[in-house]
Visitor: 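Starting off with a structure, shown below.
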Number of protein chains: 2
Amino acid sequence: MVTIKDVAAHAGVAFKTVSRVVNNDPTVKPKNREKVLKAIEELGYRPNRAAQMTRRKKSGVIGFIADELLRVPYTFDLIRGAQDLAWKHDKELMVLNVNVNKYSVEGAVNHLFEHRVEGIIYAAMYHREVSLPLQFKEVPTVLANCYDSYGRYPSIVPDEKEAAREITASLIGKGYKRIAFLNLNENIIAAKLRKEGVEQAFINANINLDNLLVESVIFGEENNERSVTRSRAEDIIKNFKPDAILCGQDPMAVEVYFVVQALGLKVGKDIGVGSFDDWDIIPTLLQPELTTMALPHYEMGQWAFNCLLEERTEPVKETARFTLNSRQSF
Amino acid sequence: MVTIKDVAAHAGVAFKTVSRVVNNDPTVKPKNREKVLKAIEELGYRPNRAAQMTRRKKSGVIGFIADELLRVPYTFDLIRGAQDLAWKHDKELMVLNVNVNKYSVEGAVNHLFEHRVEGIIYAAMYHREVSLPLQFKEVPTVLANCYDSYGRYPSIVPDEKEAAREITASLIGKGYKRIAFLNLNENIIAAKLRKEGVEQAFINANINLDNLLVESVIFGEENNERSVTRSRAEDIIKNFKPDAILCGQDPMAVEVYFVVQALGLKVGKDIGVGSFDDWDIIPTLLQPELTTMALPHYEMGQWAFNCLLEERTEPVKETARFTLNSRQSF
DNA sequence: CTGAAAGCGCTTACAG
DNA sequence: CTGAAAGCGCTTACAG
């Protein structure tokens, strides 16, 4: 590989001058700069990052630990959010996928430390509490889509309650006044907060809570969940007779659409359907297209990266707002 | 940060001895090894990768250029395949997301060169031909899920024809003998090859080709495609009266399920449905669950990585076999 | 089995 | 504005 010295020899200057040109030092005579630039071009020189890092004693690397992240497609926006900013600020984003069976969190952190990361973003697959090993204290750390048990790090999570309030208010605003909310597994924090948000919307609109049915249709432990969406949706439509169904996640909405059609009803006409996530292509694959609250993954990824960039370390717990993607299902 | 010299001082040996222990050199006296290990533990020493790279003149980094990869969730397995092997062989996989608007391929390659990558995997979002800039010739390059116009690099693509033959033969084996194949956009290579495979299965089974209908239901240019799946499926079921429908991708199958149900028929009973991709959760979200040919993304990612590891550079064009995921839709 | 010297490709700190 | 020296944290090559 061609080095700074090769370029210097080719250009007829000291190698330090080449270094100056590469680093945009303005104190180089235009004539010399030109000679160097020409030599760089002709020789195809590219600075050696490892050597730069060694001497500078700064790595320019931010670590991104993705906790089981990639099992759910849309969570990838968390990485994208951080990645786009990293590129912009000429930083390297080193993404490590962690899951129980393969790469332990400790292993990932050690790996990142060997690269002398300047900060770490720890992101979870779904909104939840995590307890991180003490190692993280050695370097600035920010949590995205999760928060730590002891509140030791800055963290950002989706504003579940406000999202639930907003979409419910939107339903109510369009005249729906008897709503069934098929909630996520009651073990997860999102289920609890969303229930509060939905109820809040009813209270704000002065509608009797008798017109609201909230029921978890996903059960079981992580990695071994089962859904009773179809059977419960059918039963609820028949007996509770809601004029709208709110689903805890878009895949549930697919099932609800099938149930509604099987009962001879039409989504968006006989019954409104709303949902959460904006899961990949599901919302636009359905007909009518699904109105859903899009998770703010991209924004959370960006917020986390900015937090590190600005060297903020106060253990704030920030929330990010969902976006209402209005389509035709209600 | 603590260095090799700090450890040496703490352990009372020469710093070269610490280097030997860190690099598992067997010629260190057990007693000294122990002292060094203890010092490393106590001081929390971690080798500095950048310094190692600089001196070794080997980066241990493999570049992975993902061409628009992340718009389709399951393609992520391409990265995972390479990633898992990288971890195993103690290499770094540097993943760069490329798309026309943001990071050009040239920019990505330059970036990788600054890190002195030992090889590059170039992966495409869908099976297609690509033409890479000449820069790639400077370093071993392997293509995954695509092949280059001039056949200059080793590449691996899904075996579309065999997959189509296999699932069609499977349908025929279960007694289906009048099949409609709703194909992908006819502009893409997969559509052409799969059509051949489906026809081959008919020929092998001695079934008259009058019982096969192949029709593209996706039109338009890349990034601006439209699907006529629903209307065409309905029309074909009514008029061609197939006993099975084969879909070019799983999202199509979702639409076909809705059409079948609307016509008062049952998938898996009145009409068989098969598909391609194994797209995220779609196959198991449907009821009955969808039988589909799973794309070999993980395997292609692994093959590409191994190719670089074994320093194979002959421009072979390898194919990877799909896996038939049998469920209940036929 | 161990160590002192030299060097990787660069940047820092300083002299002119 | 330019350059010669020193040094980043390691490994290589060699001597003992």
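Quick note on labels: first sequence line is chain A, next is B, and so on, each numbered from 1.
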Visitor: Rounded to the nearest Å, what distance is computed from the CE atom of residue M53(A) to the P atom of nucleotide dC8(D)?
Guide: 19 Å
Visitor: With a 4.0 Å cut-off on heavy atoms, is T3(B) in touch with a base, just the backbone sugar-phosphate, or nothing at all?
Guide: sugar-phosphate
Visitor: Is it the case that E92(A) and H115(A) place a side-chain donor and acceptor less than 3.5 Å from each other?
Guide: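 On atom types as modelled, these side chains do not qualify, holding no pair under 3.5 Å.
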Visitor: Salt bridge check, D90(B) against R49(B): does any charged N sit closer than 4.0 Å to a carboxylate O?
Guide: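 The answer is yes: the pair qualifies as a salt bridge.
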Visitor: Which of residues 27-35 of chain B sit near DNA chain C, with a heavy atom under 4.0 Å from it?
Guide: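 The answer is T27(B), V28(B), K29(B), N32(B).
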Visitor: Ignoring backbone atoms, establish whether Q52(A) has a side-chain N or O less than 4.0 Å from OP1 or OP2 of dT11(C).
Guide: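 So the side-chain polar atoms of Q52(A) do come within 4.0 Å of the phosphate oxygens OP1 or OP2 of dT11(C), strictly under.
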Visitor: For the pair D67(A) and Y126(A), evaluate side chain to side chain contact (heavy atoms under 4.5 Å, CB included) and give the outcome as yes or no after the intermediate values.
Guide: CA-CA 9 Å; D67(A) 173 5; Y126(A) 67 93; over 6 Å; no
Visitor: Closest to the N48(A) side chain: dG9(C), dT11(C), dT12(D)?
Guide: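 Within the option list, the nearest is dG9(C).
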Visitor: Apply side chain to side chain contact (heavy atoms under 4.5 Å, CB included) to residues L143(A) and L132(A) and explain how you reach the verdict.
Guide: CA-CA 10 Å; L143(A) 310 190; L132(A) 299 185; 3.5 Å; yes
Visitor: Measure from the side chain of K57(B), starting at C-beta and using heavy atoms only, and say which of dC8(C), dT12(D), dC8(D) lies closest.
Guide: dC8(C)
Visitor: Tabulate below the donor-acceptor pairs under 3.5 Å that side-chain atoms of residues 304-313 of chain B make, not counting sequence neighbours, or state none.
Guide:
none

Visitor: Figure out the CG/C1' separation between D25(A) and dC1(D), and round it to whole Å.
Guide: 9 Å
Visitor: Please give, in whole Å, the distance from dG9(D) P to I4(B) CD1?
Guide: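 After rounding, the gap between these two atoms is 11 Å.
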Visitor: Return no unless some side-chain N or O of K16(A) is found under 4.0 Å from OP1 or OP2 of dA4(D).
Guide: no
Visitor: In whole angstrom, give the distance that lies between atom CZ of R55(B) and atom P of dG9(C).
Guide: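 So the CZ-P distance, R55(B) to dG9(C), works out to 9 Å.
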Visitor: Can you list, by residue number, the residues of residues 5-12 of chain A that have a non-hydrogen atom closer than 4.0 angstrom to DNA chain D?
Guide: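 When residues 5-12 of chain A is checked for heavy atoms under 4.0 Å from DNA chain D, there are no hits whatsoever.
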Visitor: Does the base of dG3(D) carry an N or O that pairs as donor and acceptor with the side chain of R20(A) under 3.5 Å?
Guide: yes
Visitor: Can you tell me if E314(A) has over 12 outside heavy atoms packed within less than 6.0 Å of its CD?
Guide: yes
Visitor: Is it the case that more than 12 heavy atoms not belonging to K137(A) sit under 6.0 Å from its NZ atom?
Guide: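 Above 12, so yes.
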Visitor: How many Å lie between CE on M1(B) and C1' on dC10(D), as a whole number?
Guide: 15 Å
Visitor: Nearest whole angstrom, please: distance from the P of dG7(C) to the CZ of F15(A).
Guide: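 After rounding, the reported distance stands at 14 Å.
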Visitor: Hey, are K91(A) and E118(A) close enough for a salt bridge, meaning a charged N less than 4.0 Å from a carboxylate O?
Guide: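 Between E118(A) and K91(A) there is a salt bridge, with a charged N closer than 4.0 Å to a carboxylate O.
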Visitor: Rounded off to whole Å, could you give me the CZ-to-C1' distance for the R56(A) and dA13(C) pair?
Guide: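 Rounded to whole Å, this separation is 16 Å.
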Visitor: Over all strands shown, is A14(A) touching base, sugar-phosphate only, or nothing at heavy-atom distances under 4.0 angstrom?
Guide: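 Contact class for A14(A): sugar-phosphate only.
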Visitor: Specify the separation, in whole Å, of atom CD of E114(B) and atom C1' of dG9(C).
Guide: 14 Å
Visitor: Is T54(A) near enough to dG9(D) that one of its side-chain N or O atoms lies under 4.0 angstrom from OP1 or OP2?
Guide: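 No, outside the criterion.
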Visitor: Is a salt bridge present between E34(A) and K29(A), judged by a nitrogen-to-oxygen distance below 4.0 Å?
Guide: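 Here E34(A) does not pair with K29(A) in a salt bridge, since their nearest N and O are not under 4.0 Å apart.
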Visitor: Is the shortest side-chain N/O distance from T17(A) to OP1 or OP2 of dG3(D) below 4.0 Å?
Guide: yes
Visitor: Start with the C-alpha distance between Q135(B) and N110(B), add both sets of side-chain angles, then the distance that settles side chain to side chain contact (heavy atoms under 4.5 Å, CB included), and finish with yes or no.
Guide: CA-CA 9 Å; Q135(B) 294 173 292; N110(B) 272 322; 3.7 Å; yes
Visitor: Paired with dG3(C): which nucleotide, if any, by Watson-Crick or G-U wobble criteria at under 3.5 Å for both distances?
Guide: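 Partner of dG3(C): dC14(D).
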